[in-house]
There are 2 protein chains.
Amino acid sequence: MKLKELAKSLGLSPTTVSRAINGYPEVSEATRARVMAAAQRHDYQPNPRAKALATGQSMAIGHVIPLATRHEMVNPVFADFIAGASEIYAREGFDIHLTVVSDEGEEKAYRDIAAKGSVDGIIVHAPRANDGRIALLSSVGLPFVVHGRATGIDAAYNWVDVNNRRAFRRAAEFLVDLGHRRIALVNGLETMEFAMRRRSGFVEALTARGIEPDPDLMLSDEMTEQYGYQSAKTLLARADPPTAFLCSSMISAFGIRRATDEAGLKLGRDLSLIAHDDDLSYLQNGADDPIFTALRSSVREAGRRAATILIDQIRNPGPPVHDLLEAEFLVGRSTAPAPHPARALNA
Amino acid sequence: MKLKELAKSLGLSPTTVSRAINGYPEVSEATRARVMAAAQRHDYQPNPRAKALATGQSMAIGHVIPLATRHEMVNPVFADFIAGASEIYAREGFDIHLTVVSDEGEEKAYRDIAAKGSVDGIIVHAPRANDGRIALLSSVGLPFVVHGRATGIDAAYNWVDVNNRRAFRRAAEFLVDLGHRRIALVNGLETMEFAMRRRSGFVEALTARGIEPDPDLMLSDEMTEQYGYQSAKTLLARADPPTAFLCSSMISAFGIRRATDEAGLKLGRDLSLIAHDDDLSYLQNGADDPIFTALRSSVREAGRRAATILIDQIRNPGPPVHDLLEAEFLVGRSTAPAPHPARALNA
DNA sequence: TTCGCCAGCCAAAGCGCTTTGGAAAATCTC
DNA sequence: GAGATTTTCCAAAGCGCTTTGGCTGGCGAA
């Protein structure tokens, strides 16, 4: 069923039908009702491509999700982020245009999307320091929101981020308060902004408490289970093993748990672990009785916020907006006072 | 840069330029070269909406990913499936159109997509028995490929699936061969086809070996970590706990591991566990030294296959095609002979 | 030399919708 | 009740591309 047919069947012009459907005031309420009823009856769906061509609006948002070349890994948080964003999109009538692209092709992917004009806005995932995409998109004039922030960019832009630095500072302080002195940071890839910020928060906390951060205890890689396992295994084999771990991901935290179990140690007794928890739907830390003491911040909520900002900027462009979410700190069963704090310190 | 401008700058008609770019034979190779060079130089990207409107082809594939209403959970395998599919899409010039929809809205979502004609084909995820979507899409005439199969559908259709039944039969047989008699099945939601098939394979194996499947040992739910944990905890607390677990997901397997650790049992010694491993990029079971004995089947590869079939069917429609993948069986460190097989049997 | 043919190009219509610039009908003003 | 508005509708152009149906000029055949 096309607009023209609908119009003919009603004895109206396409113009009037179009206006009736799109809520323009130039049609009487009587005919609008008639048109709407007919549209309903015939299950009329305007062809979005024709509409887009005529209006210049595609009613679609682009998401470019990076495929880490090293392990061809797609970050598991995307699914939840997009689920959150799409709640908003669905309500507002936007579609999602997905592009999966490996690191090298990334810039070109953005450039192409902008040139083809197939979306009204873009969400930028996983920013790095001095991220070139931000300048690129700004110059093109396509509205965009960054999930995260990028240092080294002068111009203002829209972003939604978690206060990673504060969260990790707080977690580290908590561990120090429990008497831990040798604390390992099992961080994400520190080419990523969020990982850099987490590291600075961690370092800040230690330094503020007079503890010299030990580079050997600060690891950085893609956050897989294996990475957590290997890291913990290696660190625990040291002569002076850490007594606590701060880990950037629940998945890697499971790896750490596996290594500690193998070593015959018990989390929350012999060893402490705090994990960052993105509150993924399939990897719940548990509400009432958290598995891990954790910094919780819903990536789905971040998706909702980012989508809201983006749509708002598309509809009425204005000065850049940002939204800084604070992570919740949940004390679970994976943390405990340091085993021999006094002895270790006074030795 | 638009086609018309390009044409003018070359002193050619839009017709000729269009034909040159799209490889039609009516233009001389000389002018084609000239056009291509100019297109390159001006970074000309044809407007996909205009193209789609004119040709009726949108060069986009729809993915409708279901949001399980119960826990608002988005299945973690989608990210990898789509990563695999998009390798093919990118090569062939297709875009991905994503729709996230909760169970109730699903049928309408498909209907709308078909009516709006915004995609050339669809991938159907997570089929259920007698899945209505298959009849719907068939009647609409939109090419589609199902990731999985649905019993109760007479008509043939395109699908890509893992031989879940055989895989689970084999795993169960392996456990029985190790002397296990009380084996628990920690399965996915059995409204899903794949879970039903896994269960039948499991039941078949036990029955064939003269073991009566115990309904109390067969669980079914969404495959979260918590689910694995709770299931194992409950089952291990029984008077006659199982000596082995067969689990439908790596994530739930981690939960099972957590429960067994808590109970002071060691996997691969006191208790056996086989997990189904979708070979997710961020949840590797480990190639050389698998954490779990596992049935491995790459969901990313399934994505590639599905995309290939779909594009092929879009280009030259033909009789339905399917592709049945076999899961690899990997013996890892989580399985061992049953603790007291002889005694238990001869008692 | 004339004709026919074909390679190579172009004008214009059309994809399904929106939107500008009227025009007719209805309402208001005095 | 005539003119001035306002309401309600419509015809047609246009979004950027493809594609049908010519048209032209150069070539070989007769």
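A note on names: the letters A, B, ... follow the listed sequences, proteins ahead of strands, and every chain is numbered from 1.
Scanning DNA chain C 5' to 3' for nucleotides with an atom closer than 4.0 angstrom to a non-hydrogen atom of chain B gives a first and last hit of C:dG8 to C:dG16.
Residues from residues 41-52 of chain B with heavy atoms under 4.0 angstrom of DNA chain C: there are none. DNA chain D lies under 4.0 Å from no heavy atom of any residue of residues 112-119 of chain A.
Atom CD in A:E104 sits 9.5 Å away from atom CG in A:L67 (nearest 0.5 Å). Separation of atoms OG (A:S298) and CG (A:D278) is listed at 8.5 Å; rounding is to 0.5 Å.
For A:A114, the side-chain contact (heavy atoms from CB on, under 4.5 Å) partners at least two apart in sequence or on another chain are A:V140, A:L142. Applying the side-chain contact (heavy atoms from CB on, under 4.5 Å) test to A:V101 and every residue at least two apart in sequence or in another chain returns A:V64, A:E106, A:A109. Listed by chain and residue number, A:P127, A:D131, A:I134, A:I153, A:Y157, A:E193 satisfy the side-chain contact (heavy atoms from CB on, under 4.5 Å) test with A:A150 (two or more places apart in sequence, or in another chain). Partners of A:H63 according to the ring-ring contact (aromatic ring centres under 6.0 Å, His included) rule, which considers only residues two or more places apart in sequence or in another chain, are A:Y89, A:H125. In this view, A:S9 and A:L6, A:H42 satisfy the side-chain contact (heavy atoms from CB on, under 4.5 Å) rule, not counting sequence neighbours. Every residue two or more places apart in sequence or in another chain that forms a ring-ring contact (aromatic ring centres under 6.0 Å, His included) with B:H322 is listed here: B:W159.
Positionally, the nearest nucleotide of DNA chain C for B:S13 lies more toward the 5' end than for the other of A:P14 and B:S13.
Looking at heavy-atom distances under 4.0 Å, B:S18 makes contact with a base.
Within 6.0 Å of CG on A:D154 lie no more than 12 heavy atoms contributed by other residues, nucleotides or ligands.
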Grab the N/O contacts between the protein and nucleotides 4-8 of chain D below 3.5 Å, and write none if there aren't any.
none

N/O-N/O pairs, protein side and nucleotides 22-28 of chain D side, under 3.5 Å:
none

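Between B:V124 and B:L137 there is a side-chain heavy-atom pair separated by less than 4.5 Å. Annotation: side chain of B:D161 is not in contact with side chain of B:L325 (no heavy-atom distance under 4.5 Å).
With respect to the salt-bridge test (charged N to carboxylate O, under 4.0 angstrom), the residues B:R304 and B:E87 qualify. Between A:E5 and A:K2, none of the side-chain N atoms (NZ, or NE/NH1/NH2) sits under 4.0 Å from a carboxylate O, so this pair counts as no salt bridge.
Identified under the salt bridge (charged side-chain N to carboxylate O under 4.0 Å, His left out) test for residues 30-49 of chain B, with sequence neighbours left out: B:E29-B:R32.
A pairwise comparison of heavy atoms in A:A126 and A:R133 identifies O-NH2, 3.0 Å as the closest pair.
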